[in-house]
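One is the number of the first residue; the rest follow in order along the sequence. Predicted model only: the values in this text are computed from it and were never measured.
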Amino acid sequence: MDAFNTSMSLPFSYTFTITNSSCTSSANTISNPWMDSRIWSKLPQRLLDRVIAFLPPPAFLRARSVCKRWYGLLFSSTFLELYMQVSPRHHWFLFFKQKKLKSYIYKSNTSTTGASGGNGDNRSTNCEGYLFDPNDIAWYRLSFNLIPSGFSPASSSGGLVCWVSDEAGMKTILLCNPLIGSLSQLPPTLRPRLFPSIGLTVNPTSIDVAVAGDDLISPYSVKNLSTESFHIDAGGFYSIWGTTSSLPRLCSLESGRMVHVEGKFYCMNYSPFSVLSYDIAANNWFKIQAPMRRFLRSPSLVESRGKLVLVAAVEKSKLNVPKSLRLWGLQACGTTWVEIERMPLQLYMQFAEVEGGNGFDCVGHGEFIVIMIRATDKALLFDICRKRWQWIPPCPFLGTGCDGDAHNGDGGELHGLSYEPRLAAPVISLLDQLTIPFPSFNG
């Protein structure tokens, strides 16, 4: 990761009296805006570990180069337990270069991508992700060297990034923690699918995954018919794709996009617009009517501070209502929407000029919502707490493009996920306890 450029000033100076026993002169008083190094060197290790646990991930990874002990903190169960208790949450975002529809892997290795020429090539590719810190408006680069070719990022939760196999058929799902380089595999799904929607939620004691839609009913036809669910928890209960549920009839859900809020997965439904909700505990789906559904354009669902938010452009050309971009929040009853924010008109005019009718995608995390304009590298950041809008500077790591062609119309567009960088995800150890072998499916 690239270094932080920070400057810190102390509110007042510390003064220490140092006595030199070898000298007969009186004690010297030294004033320094920083504490004496001899004081810091005697700081109790437990207190020092607590300070380190509060560092943001880029600063922590840099600090590991200070000494052997700090380097080994990443492997210390005592430190990681402390880290899980006191480390603040970081509502960040992770972006991937979108090469083509349904394939979001950025391959920075421009050499031969398939020497074997077949789908059975399991060699890892040099994939990159771009980490965005909305507080400092800073970009970082993350490597995903362990991810084999033929996988695309689909979701993220609890510090883990979910990758799903691109090939049609039973889907293989990988959970990766890019900060520590860990990679775990789930058993393949039981039903063949093309590009299903993936929902993931990870907490310290459980993992839930839902795979919905795009059922392959023949080699040439797909329908949105069913959902498969995976669950494992620290209490010893697990369900390996054994829980299934039927999707609502005639639904047209958006492949690849599901948002988790308070025990439910949500995704957009089209023709006409509505919202589909999957209750994980009850294992059933229900439909929620979208606000102003006949006049929406590019609707997206995001999570913000534990609430579901719908972001969309509103275009009512035949009525005396100005075009705008609006945000609605789903109320506690689960069926009613309330408008919570509207983009300022002057900013919307700028936004519409850049967007040019190409559409946009949104991703939310905590108090932040990122609005990415398709086919461009332009994006807006909205702070829902401060009611502040601002343009995000382009990612500096996209200058060389994808496979060397950043500005040929195929590069530049980013696919974003909410991402909370975590040094540890203890629940992942539960997957290692599964004794069921993972079969290999080839198409």
Side-chain angles (χ1 to χ4, degrees), residues 90-98 130-139 254 257 259 268 273 275 290-331 337-398 407 409 411-419:
H90 302 283
H91 297 137
W92 291 9
F93 298 90
L94 184 60
F95 294 90
F96 296 89
K97 176 73 73 69
Q98 181 175 349
Y130 307 108
L131 189 61
F132 176 66
D133 175 4
N135 293 290
D136 294 333
I137 314 297
W139 289 94
E254 181 181 14
R257 292 182 176 271
V259 177
M268 285 301 304
F273 289 125
V275 176
M292 304 181 69
R293 60 179 182 171
R294 297 181 182 275
F295 308 101
L296 300 182
R297 186 170 63 83
S298 296
S300 294
L301 295 173
V302 302
E303 180 275 336
S304 177
R305 299 186 297 169
K307 302 294 183 181
L308 184 69
V309 175
L310 173 62
V311 184
V314 175
E315 296 183 349
K316 301 175 65 175
S317 57
K318 295 183 179 180
L319 300 177
N320 189 23
V321 176
K323 296 181 179 180
S324 60
L325 187 142
R326 306 186 189 187
L327 286 72
W328 294 268
L330 184 65
Q331 301 305 290
W337 299 90
V338 173
E339 183 176 326
I340 58 177
E341 187 62 31
R342 189 178 301 190
M343 183 182 289
L345 181 58
Q346 184 176 1
L347 177 61
Y348 179 76
M349 293 174 62
Q350 300 175 10
F351 175 83
E353 182 179 0
V354 176
E355 187 244 351
N358 292 320
F360 53 89
D361 298 298
C362 303
V363 58
H365 197 194
E367 66 272 31
F368 299 105
I369 296 176
V370 175
I371 304 170
M372 301 159 287
I373 300 177
R374 295 172 188 164
T376 73
D377 60 354
K378 302 294 190 298
L380 272 171
L381 176 67
F382 175 56
D383 187 328
I384 203 168
C385 294
R386 298 181 175 90
K387 306 294 183 183
R388 183 176 62 190
W389 300 82
Q390 65 182 111
W391 290 99
I392 298 175
C395 177
F397 307 113
L398 296 178
H407 306 289
E413 187 172 345
L414 294 178
H415 165 72
L417 303 172
S418 61
Y419 177 67

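Here the closest heavy-atom approach between residue Leu296 and residue Pro291 is recorded as CD1-O, 3.4 Å. Taking both residues in full, the closest heavy atoms of Pro393 and Ile137 are given as CD-CG2, 3.4 Å, listed atom of the first, atom of the second, then distance. Taking both residues in full, the closest heavy atoms of Phe95 and Gly416 are given as CD2-CA, 3.5 Å, listed atom of the first, atom of the second, then distance. When every heavy atom of Trp328 is checked against every heavy atom of Met292, the shortest pair comes out as CZ2-SD, 3.8 Å. Here the shortest heavy-atom pairing between Ser304 and Gly366 reads OG-O, 2.9 Å. Scanning both residues, Phe93 and Ser418, for their nearest heavy atoms gives CD2-CA, 4.2 Å.
Interatomic distance, Ile340 CD1 to Leu310 CG, rounded to the nearest 0.5 Å: 9.5 Å. The distance from the CD1 atom of Ile392 to the CG atom of Asp377 is 11.0 Å, given to the nearest 0.5 Å. Atoms CG and OG, on Leu345 and Ser324 in that order, are 8.5 Å from each other to the nearest 0.5 Å. Separation of atoms OG1 (Thr376) and CG (Leu414) is listed at 9.0 Å; rounding is to 0.5 Å. To the nearest 0.5 Å, atoms CG (Leu327) and CD1 (Ile369) are separated by 4.5 Å.
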Listed pairs under 3.5 Å, donor-acceptor, residues 346-360 side chains, sequence neighbours left out:
{"unit_1": "Glu355", "atom_1": "OE1", "unit_2": "Arg297", "atom_2": "NH2", "d": "3.2"}
{"unit_1": "Glu355", "atom_1": "OE1", "unit_2": "Gly357", "atom_2": "N", "d": "3.4"}
{"unit_1": "Glu355", "atom_1": "OE2", "unit_2": "Arg297", "atom_2": "NH1", "d": "2.5"}
{"unit_1": "Glu355", "atom_1": "OE2", "unit_2": "Gly359", "atom_2": "N", "d": "2.7"}
{"unit_1": "Asn358", "atom_1": "ND2", "unit_2": "Glu355", "atom_2": "O", "d": "3.2"}

Sequence neighbours left out, cut at 3.5 Å: what donor-acceptor pairs do the side chains of residues 379-387 make with other protein atoms?
{"unit_1": "Asp383", "atom_1": "OD1", "unit_2": "Cys385", "atom_2": "N", "d": "3.0"}
{"unit_1": "Asp383", "atom_1": "OD1", "unit_2": "Arg386", "atom_2": "N", "d": "3.2"}
{"unit_1": "Asp383", "atom_1": "OD2", "unit_2": "Arg386", "atom_2": "NH1", "d": "2.7"}
{"unit_1": "Lys387", "atom_1": "NZ", "unit_2": "Glu341", "atom_2": "OE1", "d": "3.4"}

Intermediate values then yes/no, side chain to side chain contact (heavy atoms under 4.5 Å, CB included), Tyr419 and Val363: CA-CA 10 Å; Tyr419 177 67; Val363 58; over 6 Å; no

Derivation and outcome, side chain to side chain contact (heavy atoms under 4.5 Å, CB included), residues Leu308 and Trp337: CA-CA 10 Å; Leu308 184 69; Trp337 299 90; 3.9 Å; yes

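Annotation: side chain to side chain donor-acceptor pair (under 3.5 Å) contacts of His90 (sequence neighbours excluded): none. Scanning for salt bridge (Lys or Arg N to Asp or Glu O under 4.0 Å) contacts around Glu339 gives Arg326, Arg342, with sequence neighbours left out. Residues satisfying the ring pair (Phe, Tyr, Trp, His ring centres under 6.0 Å) test with Phe132, not counting sequence neighbours, are Trp139.
Results of the side chain to side chain donor-acceptor pair (under 3.5 Å) test with His91 over Arg305, Glu367, His365 single out Glu367 as the only residue that passes.
Counting only heavy atoms from C-beta outward, the side chains of Glu303 and Val309 never approach each other to under 4.5 Å.
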